[in-house]
Amino acid sequence: MANRAGFIHQVLTIAGKDLRSELRTKETINASVSFSVVMLLLFSFAVDPGAEEVLQIAAGLLWLVFAFASALVLNRSFARELSNDCLDALLSSPAESAEIYFGKCLTNFVLLLMVELVSIPVFGLFYNVFLPAGWPLLIAVLLLGTWALTAIGTMFSAMTVNLRLRELMLPILVYPMMIPALIAAIRLTTVVLLGEPLGENWIWFKLLIVFDVIFTLLAFALVDVVLVG
């Protein structure tokens, strides 16, 4: 029990440090929110807001924006530690590799949720899409899909932090791995927006849960190799 409490304390400490740093500069959140709003605005000129066809592509568009915005958030996850050898100091601290990873992961999760909380109302305004009756399921899909993005993305952010072209390499590595989770999230979001019963689509919800569990456990098992080598 003491070890579990110590683990949670270290994770929250690292996440709190990163969130305070981000809230002071607002570099990542401003860039991600601006990017998301501009993407939604540009795509709104390609469709007729309020048309029935919009709901057919709305979920794909929304998750496409989230996936692209996540790259901006994830790239800064470990890169902010490079100045003044802060990353070496963090790895030399009493915090274990798993605690550092999950602290970073929690930070990215919160930042992405902030981007989504801004993007969804903007999306509803631009595309005349209103809050569906199945909004509790939509929230669950957003949480599971966002964790999938952060669980994988944070790990690859640590792997590419010392690369000169990390801004390019991170999306190349992350997006192919994210395909099953994105397909499940898009399918479930489409069902919710159309007001259809889940029925056989529960398989996508289960897939999203299994995907999160598997990649979280893989990250937990491989984090020492990635961070320490």
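This is a predicted model, so every value here is computed, not measured.
- Evaluation of the side chain to side chain contact (heavy atoms under 4.5 Å, CB included) rule for Thr25 yields Glu22, Glu27 as partners, not counting sequence neighbours.
- Considering every non-hydrogen atom in both Ala181 and Ala148, the closest pair reads CB-CB, 3.9 Å.
- Across all non-hydrogen atoms, the minimal contact from Ser70 to Leu149 is OG-CD2, 4.0 Å.
- A heavy-atom distance below 4.5 Å is found between the side chains of Ser44 and Leu41.
- Phe66 places none of its side-chain heavy atoms less than 4.5 Å from the side chain of Leu182.
- Leu106 CG to Trp147 CH2: the interatomic distance, rounded to the nearest 0.5 Å, is 7.0 Å.
- Remark: Thr13 OG1 to Ile8 CD1 distance equals 11.5 Å, nearest 0.5 Å.
- In this structure, the side chains of Leu111 and Leu19 come closer than 4.5 Å at one or more pairs of heavy atoms.
- Interatomic distance, Phe126 CZ to Phe43 CZ, rounded to the nearest 0.5 Å: 13.5 Å.
- Here Val192 pairs with Pro132, Leu137, Leu138 under the side chain to side chain contact (heavy atoms under 4.5 Å, CB included) rule; sequence neighbours left out.
- Side-chain heavy atoms closer than 4.5 Å link hydrophobic residues (I, L, V, M, F, W, Y) into clusters, and following such links, possibly through other members, connects Leu217 to Met155.
- Pairs passing the ring pair (Phe, Tyr, Trp, His ring centres under 6.0 Å) check and including a residue from residues 192-214, sequence neighbours excluded, read Trp202-Phe205, Phe211-Phe215.
- Note: Met159 CE to Leu222 CG = 9.0 Å, rounded to the nearest 0.5 Å.
- Shortest non-hydrogen contact noted between Pro176 and Ile172 is CD-O, 3.0 Å.
- Here the CG-CG distance, from Asn75 to Leu170, works out to 4.5 Å after rounding to the nearest 0.5 Å.
- Partners of Lys206 by side chain to side chain contact (heavy atoms under 4.5 Å, CB included), not counting sequence neighbours: none found.
- Across every non-hydrogen atom of Tyr101 and Ala151, the tightest pair is OH-O, 2.7 Å.
- Side-chain heavy atoms closer than 4.5 Å link hydrophobic residues (I, L, V, M, F, W, Y) into clusters, and following such links, possibly through other members, connects Ile152 to Leu218.
- Closest heavy-atom contact between Gly153 and Val174: CA-CG2, 4.0 Å.
- In this structure, Ser21 contributes its side chain and Lys17 its backbone to no donor-acceptor pair below 3.5 Å.
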| request: Before giving the answer on side-chain contact (heavy atoms from CB on, under 4.5 Å), spell out for Ile183 and Leu207 the whole-Å C-alpha distance, their side-chain angles and the decisive distance to 0.1 Å. | output: CA-CA 10 Å; Ile183 291 174; Leu207 172 64; over 6 Å; no
Let me have the donor-acceptor pairs involving side chains of residues 112-119, under 3.5 Å, with sequence neighbours excluded, atom names and distances please.
from   : atom 1 : to     : atom 2 : distance (Å)
Glu116 : OE1    : Thr146 : OG1    : 3.0
Glu116 : OE2    : Thr146 : OG1    : 2.7
Ser119 : OG     : Val115 : O      : 2.8

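- Under the 4.5 Å side-chain heavy-atom criterion for grouping Ile, Leu, Val, Met, Phe, Trp and Tyr, Val141 is connected to Val210 within one hydrophobic cluster.
- Criterion: ILVMFWY side-chain heavy atoms under 4.5 Å apart, direct or through other members. Under it, Leu143 and Ile214 are part of a common hydrophobic cluster.
- Atom CG of residue Leu144 and atom CG of residue Leu188 lie 9.0 Å apart, to the nearest 0.5 angstrom.
- Between Leu74 and Thr150 the shortest heavy-atom distance is CD2-CA, 4.3 Å.
- In this structure, Leu42 is not a member of the same hydrophobic cluster as Leu64, with clusters built from ILVMFWY side-chain heavy atoms closer than 4.5 Å.
- Taking Phe220 as the reference, Phe7, Ala98, Phe102 meet the side chain to side chain contact (heavy atoms under 4.5 Å, CB included) condition, with sequence neighbours excluded.
- Counting only heavy atoms from C-beta outward, the side chains of Trp63 and Thr190 never approach each other to under 4.5 Å.
- Side-chain contact between Phe123 and Leu61: present, with at least one pair of heavy atoms (C-beta onward) separated by less than 4.5 Å.
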